[in-house]
Amino acid sequence: MTAPGSVKAAFRNLRLDLDDDVAVVTIDVPDKPVNTLNAGVVAEFTELFAFLESESAVRAAVLISGKADNFIAGADIEQFLELKNAREAEALSRAGQQLLSRLETLRVPVVAAINGACLGGGLEASLACSYRIASDSPKTALAVPEVQLGLIPGAGGTQRLPRQVGLTAALDMILTGKNIRAKKALTLGLVDEMVHPSILRDLAVRRARELADGTRPRSHGHSGSGIAARALEGTGAGRSIVFRQARQQTLAKTKGNYPAPLAAIDAIETGYSKGMEAGFAEEARLFGELSQTEVSRQLIFLFFATTALKKDSGVSDPNAKATPVDKIGVLGAGFMGAGIATVAVQAGTIVRLKDADTARVAAGLRSIRENVKERLTKKQITRTQFDDQLILVNGTTDYSGFANADIVIEAVFEDIAVKHQVIRETEKNTGEQSIFASNTSTIPIARLAQASARPDRVIGMHFFSPVPKMPLLEVIVHPATSNDVTATVVAYGKKLGKTVIVVNDGPGFFANRILTPYINEAGKLLDEGAKIEAIDKALVQFGFPVGPITLVDEVGIDVAGKAGNIIADAFGERMRPSTSLQHVLSAGRYGRKNKKGFYRYDEKGKKDGVDETVYDLIPNAAARRDYDADEIRERTVMAMLNEAARALEDGIIRSPRDGDIGAVFGIGFPPFRGGPFRYMDTLGVSEVVRRLEELNARFPGRYEPAPILVRMAKAHESFYPAEGKPVA
Ligand code: NAI
């Protein structure tokens, strides 16, 4: 046998070791944190397969990763942006399919030894192997996240996955892109065995040998997901019911705004009705088509923007030093305080939670327990992890235990006097180095810092509710905040699993500032005679997760009213609140929290239809009429876009990228539109100005185009460069 040396020498990304008659192939893309299937890796696999085919002394192979917690993260997404047309993309998909078909039909059996993330093309590759073993590490996660980029699995995933785990489970994975942990993967039949990472390699070698010996059969999976599901999937008629339901549910969820999930269903169905070869062809064709859609381009932009933010320290000063955060104090055990404490213990931080009396502290601790339990119930954490997390938090009614807190985050009442008082108290009870962070939604941080003896250590950490679910954290710096403090808080925000943008101080910061004119305009449409459900429906159709009136009910009509007034005071006429919202609030309706809002709520707080009695409280009660959905969208969305441009011009956000991330992850701006700035680029800035001027003529003072837009329109500029990689 020729030594593998000749092949080995040429490889940069793969390493080939012989364990007697088993070839152990280690993938380790140099100088990258994760393995991706870039062109170089693909070329080396082709060569490797030829070697495995020709070396008769090699009887089996193992595919394993050299990275600590990553198997294969999928295709190299940057290469997607270079695809010039659908034909090129289809060819790329075809090449991937052929490579994996070759892997599947190799002379020797191949065992995939999976530790860490196994995503997209990585999972598709493992499906083409003869046997799969996953480590039980919490880092091990299997998924086909392509739909999140507006694409579908393009290397055979739409064909092999349903055959491996059954149609229902495969649809669930492909249509959501969600992560499957090792234990669940084992139950689904997605992997054949689960072991401790320390014995993964050895076991894989042993299994490879058994497969070669014929003492262990190659895995054909297909355990299906539950007897009922399997029975339904077993027949053509049953499957057509499953496909019909999947299409209906997808349309209900996407409102037709996202083409990829429907395309995935088509590709899977083709495979069932016309066979796998036809399925592969359809998968590649659809992958090609989707790669050229605006939706996919915007979703890929968001992916790159989020990745770029992960590497962003939040300050331009390269010498700024982030200090590790091991212990925090949380002031206020209410809704937000409990949420913040939850994400902190989940990240392994020790938390001291303070409120005014023991009853409130106890309620806060209960709610943290409930939050953490949700992950246990969903099997995302083990019982031991659950216990370990809860043990990190304890409560207090005084400042005992605050002395060595690295950060104290306050989430007390939105009242400047109360906040000033807690700053003074905190500073008396903490060390010089402790950082004071406020979760205020509206009070400028510089005003809060007036009560501080160490204003350089005061900063804003604006979380969004519900904290455990919402991905954004707005970090707000005021002129005196030190760079080290900012860097520390940004790094800690990332540790909490948040996407962090750093914004400058100003009323409403960024997210609430652009939300305000949008909510106001929805209210003014109500003032004039539009119907509640028509307003919400128009904006859900546009792509927001909920409409603006529902949103106000959710966050609290009192909270929205108060924030609206503060922002109106700061900006004047264009931010003037609607009459409807004020009247409804004066009538004691706070929304979901007191089960009385624009909508009806049942005993358990479940939302029902519009509460028609609310119309008696607002102007023109009897004059409800139908409004065109376009009119509703135009007025609300243009107000938001214009304000986003103003916030950029005022230096509140550092870049259009941060604004787009803030809007998408903080307030649910439709991801497939990329964010307000990407959307303005799509429309064309001159077109935005034209439409704002038209609206301003109808509603003087409300839509005066931001000067930056007028300037950009004249110079034919866009917020992002027109071509190439979308994010710096
Ligand atoms: P909440 O009313 O649920 O909780 C406030 C808690 O602070 C109460 O338990 C209260 O007893 C406690 N508290 C008051 N004074 C205190 C003191 N001196 N020491 C310790 N605890 C004290 O209010 P929520 O909704 O949690 O809001 C808290 C802060 O978070 C506010 O500044 C609010 O503007 C901000 N915020 C709220 C959001 C929301 O959606 N509710 C979103 C983002 C920020």
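Whatever order the structure lists them in is the order used to number ligands and atoms, beginning at 1. One is the number of the first residue; the rest follow in order along the sequence.
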Give the residue and atom name of whichever protein heavy atom lies nearest to [atom], and the separation in Å to one decimal.
atom	result
atom 2 (O) of ligand 1	Phe413 CE2, 3.6 Å
atom 3 (O) of ligand 1	Phe335 N, 3.0 Å
atom 19 (N) of ligand 1	Lys354 NZ, 3.4 Å
atom 43 (C) of ligand 1	Phe463 O, 3.3 Å
atom 5 (C) of ligand 1	Ala411 O, 3.5 Å
atom 40 (O) of ligand 1	Ser465 OG, 3.3 Å

Test of ring centre spacing under 6.0 Å for Tyr720 and Phe677: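 Between Tyr720 and Phe677, the centre distance exceeds or equals 6.0 Å.
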Do Phe669 and Tyr518 have ring centres separated by under 6.0 Å?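 No, ring centres 6.0 Å or more apart.
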Keeping to residues at least two apart or across chains, list the side-chain hydrogen bond (donor to acceptor under 3.5 Å, both in side chains) pairs with something in residues 534-552.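 Found Asp536-Thr550, Asp536-Tyr599, Thr550-Lys607.
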Candidates Leu331, Asn439, Val412; heavy atom nearest atom 16 (C) of ligand 1 found on Val412
Heavy-atom nearest neighbour of atom 33 (C) of ligand 1 within options Glu554, Glu414, Met336: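 The nearest heavy atom belongs to Glu414.
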Give yes or no for whether the N/O distance cutoff of 3.5 Å, strictly under, is met between Thr440 and ligand 1.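 No, Thr440 has no N/O under 3.5 Å of an N/O on ligand 1.
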Please say whether Asp355 places an N or O atom under 3.5 Å from an N or O atom belonging to ligand 1. yes
Do the non-hydrogen side-chain atoms of Val610 and Arg600 ever get within less than 4.5 Å of each other? no
Heavy-atom side-chain proximity of Leu617 to Arg589 below 4.5 angstrom: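 Side chain of Leu617 against side chain of Arg589, heavy atoms only: contact under 4.5 Å found.
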For ligand 1, which atoms have a heavy atom of Lys419 less than 4.0 angstrom away? 31 (C), 32 (O)
Give the atom numbers and elements of ligand 1 that come within less than 4.0 Å of a heavy atom of Ser441.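 Every atom of ligand 1 under 4.0 Å from some heavy atom of Ser441: 33 (C), 34 (O), 35 (C), 36 (N), 44 (C).
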Among all residues two or more places apart in sequence or in another chain, which pass the side-chain contact (heavy atoms from CB on, under 4.5 Å) test with Gln346? Thr342, Val343, Val372, Arg375, Gln389
On a heavy-atom basis, the closest approach of Leu692 and Asn642 is CD1-OD1, 3.5 Å
